[in-house]
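Report on one structure; see the data block that follows.
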There are 2 protein chains.
Amino acid sequence: MSGSPSGRRHTRDDVSEVALRLLDEYGLPDLTMRHIAAALEVRASALYWHFPNKQALLAAVSARILRPMEDVRVEEMSVSETVRRLGARLRECLLAYRDAAELVSSSLALGLVDSPVRPQLMTVTRRDGVPDSLSRVAAEAVMHFVVGYTFHEQQRLTADSFGLLAADASSLNPENATARPSDGGDFEEALKMIADGLQVSVRQHTETSTG
Amino acid sequence: MSGSPSGRRHTRDDVSEVALRLLDEYGLPDLTMRHIAAALEVRASALYWHFPNKQALLAAVSARILRPMEDVRVEEMSVSETVRRLGARLRECLLAYRDAAELVSSSLALGLVDSPVRPQLMTVTRRDGVPDSLSRVAAEAVMHFVVGYTFHEQQRLTADSFGLLAADASSLNPENATARPSDGGDFEEALKMIADGLQVSVRQHTETSTG
DNA sequence: ACCTGAACACCGTTCAAGT
DNA sequence: ACCTGAACACCGTTCAAGT
């Protein structure tokens, strides 16, 4: 089936690409070194030539998931719009692959991947004269909120797909139909709150420096 | 040493209490069913009489970690103060035990523990006539930000305690001393942003309803 | 009601040795 | 440079059986 004879060698990029495919297909609990190796037609121990340990491999997968963040063109945006667009794009990146939010959450916490929000937000805030300290804080708030929110959301999605609450939850309490739309409206409302909060901080900062 | 003869039986509460002690002492990776059982002088299989699986046991430990949230008395606070106090208290709860933020993060995402922010925030927002939809969104923003931020923070703390970057990081780049104070000032600034954002949303809401 | 014993089907990681 | 083979020291979970 595959184009190359069985004796092929692999690169770090091959490994993380195949790992991402497996993540999406079988989920994080089944993303084991042995399974990744098997998909590459190799033994698990071979992976340790490319990566020092599993966490490093998973960090490479996380970086792959976050790659589309770089395509967001923020040059013409206001600060508030940038916050909302980067947050929305981050959520899209995480929803694009099964269990991606959980994986990225841990890579970020371990400090093995860079902030997917900070650099682009900073170009805009610097352009507008917003102090770096404020934009760094806002970038953290956006990142942690989006990753946590989407982690929870993604968990509910796969729980629903296993039919774990389809029947009784909606019959016992009809409110649930409206109580858990989770169509992204709440998400965008929260992003707007953080963006508005940043604006307030900026105003307060310029007031104290001027007056 | 212990007061009772060796034939003692256990309850769910005993189990989660001992598990929390082990978490704090040895960390999440070593919090295995076998280690918990050993600390209770019992076999791992015995734990499955008390809990259906490990995630359920960990959820009980998470609930224990979050218990001090109930002691926050919000009755006399403004909405903004409530957001900041609940956020700060949540961070304290998570920093009180090793790896607690990581553990609680996953229990929350799996939906196995209730929001540690929502109920108390809602009593205050309802008192002030803030619509439930806004306060629910704010509660989510606060919760996800605090858990994510503290997860990252706690990971750095234990990394530092293992001396993983003490030497070269500060010598190569002296800015790092100021770049990572992480003394909580950034944290409180971010909480204030979310609180301010909520205030803005409330004002916008009442304007549209009135005018 | 609460636990043991033993097994099942796995893990991540190391390392000498191969090509 | 890249991988195999084999081992080490573990996992979570199930279930018949004990008391």
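Order of the sequence lines sets the chain letters (A, B, ...), proteins ahead of strands, with each chain counted from 1.
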| field | Nucleotide opposite D:dC8 in a Watson-Crick or G-U pair, distances under 3.5 Å | value | C:dG12
| query | Mind checking who D:dC2 pairs with, Watson-Crick or G-U wobble, both distances under 3.5 Å? | reply | C:dG18
In whole angstrom, what separates [X]'s [atom1] from [N]'s [atom2]?
| X | N | atom1 | atom2 | answer |
| --- | --- | --- | --- | --- |
| B:Arg12 | C:dC2 | CZ | P | 12 Å |
| B:Asp14 | C:dC2 | CG | P | 11 Å |
| A:Lys54 | C:dC11 | NZ | P | 9 Å |
| B:Leu40 | C:dC3 | CG | P | 9 Å |
| A:Arg9 | D:dC3 | CZ | C1' | 6 Å |
| B:Leu28 | D:dC11 | CG | C1' | 14 Å |
| B:Leu47 | D:dC11 | CG | P | 13 Å |

| said: Can you tell me whether the side chain of A:Ser45 and the base of D:dG5 have a donor-acceptor pair closer than 3.5 Å? | reply: yes
For the side chain of [X], starting at C-beta, report the closest nucleotide among [options].
| X | options | value |
| --- | --- | --- |
| A:Tyr48 | C:dG12, C:dC3, D:dC3 | C:dG12 |
| B:His10 | C:dT13, C:dC3, D:dC3 | C:dC3 |
| B:Arg43 | D:dC2, C:dC3, C:dT4 | C:dT4 |
| B:His35 | D:dC3, C:dC3, D:dC11 | D:dC11 |
| A:Met33 | D:dC2, D:dT13, C:dT13 | C:dT13 |

| query | Given C:dC11, is OP1 or OP2 found less than 4.0 Å from the side-chain N or O atoms of A:Arg34? | reply | yes
| message | For D:dC3 and A:His50 - does any side-chain N or O of the residue sit under 4.0 Å from the phosphate oxygens OP1/OP2? | response |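 For D:dC3, OP1/OP2 do have a side-chain N/O of A:His50 under 4.0 Å.
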I'd like to know if [X] pairs up with [Y] as an ion pair, taking the criterion as any Lys NZ or Arg NE/NH1/NH2 lying under 4.0 Å from an Asp or Glu carboxylate oxygen.
| X | Y | answer |
| --- | --- | --- |
| A:Arg64 | A:Asp13 | yes |
| A:Asp196 | A:Lys192 | yes |
| B:Glu153 | B:Arg91 | yes |

| message | When the P atoms of C:dA9 and D:dA9 are compared, how many Å lie between them, rounded to an integer? | response |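 Roughly 23 Å separates the two P atoms.
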| said: Measuring only the C1' atom in each nucleotide, how far is D:dC3 from C:dA16? A whole number of Å is fine. | reply: 13 Å
| message | Would the distance check show the side chain of A:Gln155 and the main-chain N or O of B:Gly111 forming a donor-acceptor pair, the cut-off being under 3.5 Å? | response | no
| request: Check for a donor-acceptor pair, side chain of B:His152 on one end and backbone N or O of A:Leu110 on the other, with a separation under 3.5 Å. | output: no
| Closest-nucleotide 5' rank along DNA chain C - winner of B:Trp49 and A:Leu31 | B:Trp49
